Structure formats: C-alpha cells, structure tokens
Amino acid sequence: MIQDNLTAKQNDYAVFLPAISGFYATYVGKQRDPVNGPYVDPARLPAGIQDMEMMNWLNSKQGLFPYKWSLYSGGHANLDLNKQDWSEDMVRNREPGTMMLGDSGGFQIAKGLWEGDWKANSGCPKAQKKRESILKWLDGVSDYGMTLDIPTWVIHDKKASKACGISTLKEAVDATKFNNDYFMANRKGTKNGGMKVLNVLQGASHSDAEQWYQTMKHYCDPTLYPDTHFNGWSMGGQNMCDVHLVLKRLVALRHDNLLQQGVHDWMHFLGTSKLEWAVLLTVIQRAVRKYVNPDFTISFDCASPFLATANGQVYHEIVLPHNGKWSYRMNPIVDDKKYANDTRPYGQAVVADGFVDHFDESPISAQLQMKDICIYKAGVLKAGVADTPENRLLPDNYDVLPDVNKIGKFGKTSWDSFSYALLMGHNVWLHLESVQRANREFDKGNRPRMMWDTNGSHEKFEDIVEAIFATSDRAEAEAIIEQYDRYWMDIVGTRGFKGKKAKNSRTLFNNLFEAVDDQAEDSVQLEQALDTLIAIQEDLG
C-alpha cells in the first residue's frame, strides 16, 4: 500500500478539519465490532480496499491518506460514553497523537432539536441534562471543545426562536454566558486530562459581535481565572465570514492580552468552505505567529465532502487559476445499473463516458472500479413489457431478475449505502488536497483574485496583514484596517456574500440561516440528508 501522508504535507498552513459524518464513522467503527462485525461484507469491499481502516485518515499506519486533524459534532454523537458504541469508535478510540475538535452542538439548540427552555436560569431539566452530557462528552473525546453557544441568527428566525425560547440578542448572550459559567465550573480541566476550551464568539453584525466579545472575553483571562480559564477562540456568526471583523477582533485580542503563547494557541473558524479562505487564513496565522504568538494555529471546517455525496455529487477537479476564482469542482456522477459488471478504473471510466471532463484521482478512487460504486445489476424484462419505472418494480415482468437492495426490493439506483461511504472518502481526500495545494500554489506566487486589492491600491493581502501586525500600536493597527475598508467589502465571505453587506445590518441573516448547506454547524442537516436519501433509494426504490 502506498500512502499519501497528508499530515506530513501540512507545513505551516491553516488547518482544515474534516467535519466527520456519523454515517461515515459508522463504517469505520462498526467494522471493528468483534461480535456483530464485520459491518461491510468482505465480499462487498473493493479489491484494493480489503480493510476499512484504509479509509480511516486518523490511522497513520493503515489509512490510505493519513491526516491527524478532524472535527466531530456532539449534535449527532452518542453522548453516553459509559456504553460501548462501535459506530463512534473512529472518534472515541482514535490513534494517539491525532487531534479532535469537539463541536458542542449549539446549532442543535437553535434548531430546536435539543428540546428545552435554554434561557439563562430557566431551570429547565431537559436543557440541564443536555448541558451536563455535552460537557462530559467533550471532555471525554476532544482535545479542544467549543463552548455551548446560542447562535445569534436564532433571534431572526421565528421558528428557531420559538423552538429554544431565545428571542432577543440579550437572551442569546445571557444564555451562552450561563452555559460558559457551567463549563468553567464543571469542566474536567487539562491537568486532569480534559479538553481545552474554545470560547465561541457570535454576532450578526459588527456591533452585535463587539457586544458579545466584551461580554465573553473575560472567560479567557488567566489573571481572573488562573486554573479554569478558556484556552482559545472559535469564530461564529459574522466573525467567521467577514475579514474586516476578523482582523479587528485579532487586534483587540492581541492588545487585551488574550493571544498568549501557551494559553490561547488555537482559533477555529466554523463552517468555512471557500477555498480562497484556506490561503487567507494561512496568511493571518503566519502574521500572528511572527508578531504575537509563535504557537498560534488557525483551523477551519466544513461538511462539504459528506453533504456533497449525500446529494449525489462527487469532487472531480481542483481549479486554481492565477488571478481567478479558486475552487474544487463537484458534479452529479454516474449511477447506472449497466455498469454493475464494469471493471474499468472508476476515474478513467467516468471521464471516458463523458460524466466529467477531468477527474482528480484520490488514493480511494484509485482503488475503485465502476462496479464498486454501481453495485446493483439490472434485470432483463420480458418481451413486450415496456421499460418504464413502474414495470421495473414488478418481479413478474422479468425474465432475469435484477439485484434487490438490502430490504429485498428492486430500487432505481445502482448505488448501495456503502457506495456513498466510498465516495465520501474520495471527497474528503480531494478537499484536503485542494486546501494544501492552494497553499502550495500561493507560496509559489500563484494567487486567487481576492488576495489583492484589485480595485484600489493593488496591494497584496499578505502585505496589508503584515503591516497590521507589525505595529505594536493598537490605534495604528486599527487605522490600517480601516484604510482598506473598501477592499474588505470585495472579499467574498465564507457564506457567499461580501464583507460589509452585513456590517451594520441584519438584513442578510435570514439568508445566512437559509444558506447553511455545507457547514459542520449543520451536522444534523447532513445526517438527515443521508438518512433520507438512502432510505428513499434503498427502501422506496
């Protein structure tokens, strides 16, 4: 087996964290079950993938592409660590030396999926039980874990607001502060083997974000809490999609002495999928390391590789044109029973048959044949029987019966559920490769359009960031940021809109809520999409 060691290739780039799908983790974990395993019949495994650990990037010895960083959300996890759950084993019993960031599940509160009145001091037993279990889970599985925040978009969505009992900014702030107090008082503590805690910053505008920061920043202050202070930052809401606000916040953190080496070494950006931001965050990380904290690390996550597959799409090309838009391309891919006996290499076949014009091969796809994805065979209809979807569902219409799915029905799809898992693994590799390749190309002098001020002074983004952090004078740094006010507006945010279109208003935040389609925060949407699609295709046909 030839490995593509992505851990070794990481260099000093901002760290992308695949937001592991519970669906995918189940295939790795349940295959280990000594009583009920193997989860995947060995006869179903591709010839080149005879061990599920080959698809586990957290396994440095057996994984096809070892990579030691990931995120897992409590929103779809089994929070009871006292019971063996093989579906969680990829995360619970991961290899020593890997790094796991635990998402606390604030999104689930806002969506009303974690029932209860979450207002501060509500005394709601359901909310308290979940508060206790998520903290224990985070301490048990995570190196870093996020505080249990109430995302501020909830107050702009009537359905979400009603579901969790939060209807104003003050209530969201107070409820998060209540959760923070509980975490600080009851966390296991790093000296006892517990997680390090990231202080989540929310806010639907610059002014709201500032209010949130001023309310929450003291939780990271080691002078106030020498033994229980939080250990870094997690950027949500406007903080994670508006570079103007990001730079303002980092300057404030620096001068509030809240980016200390060995104390506040990690900052995570929630739900960041735009490829240009992989480079943008690397530039910021390098500047902070140079001038403020040599150990500072920025990470970011998204669930795009998994959600794309759930929607029948496969990553197939990395596109990095100089002075253009950088992206990873994905398209709906082949699903046809006529390929069930096709032994051609998968990547070559999808190009040869015109499904895509280019296919970037991954260590997983390189082991696949067409028949490994299009697993179900078509039958032969009797002479005179019209080839219609309705007729194909009736056994009496066949001379040769087609393959049945797992519940004994004739489905329309040629994929089984393991087809999804295989393509998810491919998508994860290509997303990781795109992030690392983008950074390598940037270091060679290739750059995306948004990384320089094309409508203003034509200065490079990295030179502006260098100037901001090179000065130790706060007022001067803030003045430099404001000098490029127009440029920040042209940098497309991670939610698809540009910088200050939401700077002083909330007009886009219903759109923000609706637009969440590939973020780790929306892990429940991902799991529901997978469950629904597979149920439809395997059960209903």
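Heads up: numbering here begins at 1 and tracks the sequence. What you see is a predicted model; the values in this text were computed from it and never measured. These values consider heavy atoms only, across backbone and side chains, with no hydrogens, waters or symmetry-generated copies.
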task = For residues Asp139 and Met195, report the shortest heavy-atom separation together with the two atoms involved.
result = OD1-N, 3.0 Å

Steps toward side chain to side chain donor-acceptor pair (under 3.5 Å) verdict (Ser417, Tyr27) = CA-CA 10 Å; Ser417 56; Tyr27 280 91; 2.8 Å; yes

key: Any donor-acceptor pair under 3.5 Å from Trp212 side chain to Val200 backbone   = yes

Sole candidate of His431, His358, His316 that passes ring pair (Phe, Tyr, Trp, His ring centres under 6.0 Å) when paired with Tyr328 = His431

request  = Look at the side chain of Gln285 and the backbone N and O of Thr297, then say whether any donor-acceptor pair between them is shorter than 3.5 Å.
outcome  = no

inquiry  = When you compare the side chain of Ile134 with that of Leu79, does any pair of heavy atoms fall below 4.5 Å?
reply    = yes

inquiry  = Taking Trp326's backbone N and O only, do any of them form a donor-acceptor pair with Glu276's side chain (distance below 3.5 Å, no angle check)?
reply    = yes

ask   = Do Trp277 and Phe16 have ring centres separated by under 6.0 Å?
value = no

message = With a 4.5 Å cut-off on side-chain heavy atoms, are Val246 and Phe269 touching?
response = yes

query = In Å, rounded to the nearest 0.5 Å, how long is the span from CG of Asp416 to CD1 of Ile373?
reply = 8.5 Å

task = Quick one: pull up CG in Leu58 and CD in Glu95 and give me the separation to the nearest 0.5 Å.
result = 8.0 Å

task = Determine whether the side chains of Trp452 and Asp463 contain a donor N or O and an acceptor N or O closer than 3.5 Å.
result = no

Nearest heavy-atom neighbours spanning Leu148 and Gly105 = CD1-C, 4.2 Å

note = Ser299 and Trp266 have their tightest heavy-atom pair at OG-NE1, 2.7 Å

ask   = Just how far is it from atom CD of Gln369 to atom NZ of Lys371, taken to the nearest 0.5 Å?
value = 5.0 Å

key: Evaluation steps, side-chain contact (heavy atoms from CB on, under 4.5 Å), between Leu280 and Met450   = CA-CA 9 Å; Leu280 180 151; Met450 77 177 199; 4.1 Å; yes

request  = To the nearest 0.5 angstrom, please state how far the CG atom of Asn331 sits from the CZ atom of Phe355.
outcome  = 12.0 Å

request  = With the side chain counted from C-beta on, respond yes when Ser434 and Ile318 share a heavy-atom pair under 4.5 Å apart, and no when they do not.
outcome  = yes

query = Would a 4.5 Å heavy-atom cut-off, applied to side chains only, mark Phe230 and Met216 as touching?
reply = no

ask   = Can the ring centres of Phe359 and His426 be said to be less than 6.0 Å apart?
value = yes

4.5 Å side-chain heavy-atom contact, Arg249 and Met235 = yes

task = Applying side-chain contact (heavy atoms from CB on, under 4.5 Å), run through Lys191 and Asp227 and close with a yes or a no.
result = CA-CA 9 Å; Lys191 293 180 180 178; Asp227 297 319; 4.0 Å; yes

key: Contact check, side chains of Thr147 and Tyr219, non-hydrogen atoms, under 4.5 Å   = no

Ala349 versus Met370, closest heavy-atom pair with distance = CB-CG, 3.3 Å

inquiry  = Looking at Asp143 and Lys68, is any side-chain nitrogen of the basic one under 4.0 Å from a carboxylate oxygen of the acidic one?
reply    = no

key: CA sep, side-chain torsions, deciding dist, call: Leu198, Leu101, side-chain contact (heavy atoms from CB on, under 4.5 Å)   = CA-CA 9 Å; Leu198 298 185; Leu101 173 59; 3.8 Å; yes

task = Please step through side chain to side chain donor-acceptor pair (under 3.5 Å) for the pair Asp265 and Asn293, ending with a clear verdict.
result = CA-CA 7 Å; Asp265 292 335; Asn293 178 351; 2.9 Å; yes

message = Check for me whether the distance between the ring centres of Tyr144 and His268 falls short of 6.0 Å.
response = no

inquiry  = Going by ring pair (Phe, Tyr, Trp, His ring centres under 6.0 Å), Trp57 matches just one of Tyr24, Trp69, Tyr67, Trp429. Which one?
reply    = Tyr24

message = When you measure from the side chain of Asp89 to the backbone of Gly29, do you find a donor-acceptor pair of N or O atoms at a distance under 3.5 Å?
response = no

ask   = Where do Asn239 and Gly203 come nearest, in terms of heavy atoms and distance?
value = ND2-N, 4.1 Å

task = Take Leu270 and Met146 through the test side-chain contact (heavy atoms from CB on, under 4.5 Å) and record every step on the way to the result.
result = CA-CA 10 Å; Leu270 286 159; Met146 293 181 231; 3.6 Å; yes

ask   = Shortest non-hydrogen contact from Pro66 to Ser60?
value = CG-O, 3.6 Å

request  = May I have all residue pairs that pass salt bridge (charged side-chain N to carboxylate O under 4.0 Å, His left out) and include part of residues 288-297, sequence neighbours excluded?
outcome  = Lys290-Glu466

message = To the closest 0.5 Å, what do you measure between CD1 (Ile20) and CG (Asp103)?
response = 12.0 Å

inquiry  = Rounded to the nearest 0.5 Å, what separates atom CG in Leu201 from atom SG in Cys220?
reply    = 8.0 Å

query = Would you find a donor on one side and an acceptor on the other, under 3.5 Å apart, between the side chain of Thr176 and the backbone of Ile150?
reply = yes

query = With a 4.5 Å heavy-atom cut-off, do Glu462 and Arg447 have their side chains touching?
reply = yes

note = Test side chain to side chain contact (heavy atoms under 4.5 Å, CB included), reference Lys217, set Asn199, Asp256, Leu253, output is Asp256

query = Just by distance, do the side chain of Asp33 and the backbone of Trp86 share a donor-acceptor pair under 3.5 Å?
reply = no

ask   = Can you tell me if Arg44 uses its side chain to pair, donor with acceptor, with the backbone of Asp372 under 3.5 Å?
value = yes

message = Do Gln238 and Cys241 make a side-chain contact, defined as non-hydrogen atoms from C-beta onward lying under 4.5 Å apart?
response = yes

request  = Could you tell me whether the side chain of Arg187 and the main chain of Gly194 form a donor-acceptor pair under 3.5 Å?
outcome  = no

task = Go through the side-chain N and O atoms of Asn59 and Glu53 and say whether any donor and acceptor fall under 3.5 Å apart.
result = yes

ask   = Any donor and acceptor pair, going by atom type alone, linking the side chain of Gln10 with main-chain N or O of Tyr13 inside 3.5 Å?
value = yes

key: Asn446 side chain vs Leu320 backbone, donor-acceptor pair below 3.5 Å   = yes

query = Taking atom NZ of Lys136 as the centre, does the number of heavy atoms from other residues, nucleotides or ligands within less than 6.0 Å exceed 12?
reply = no

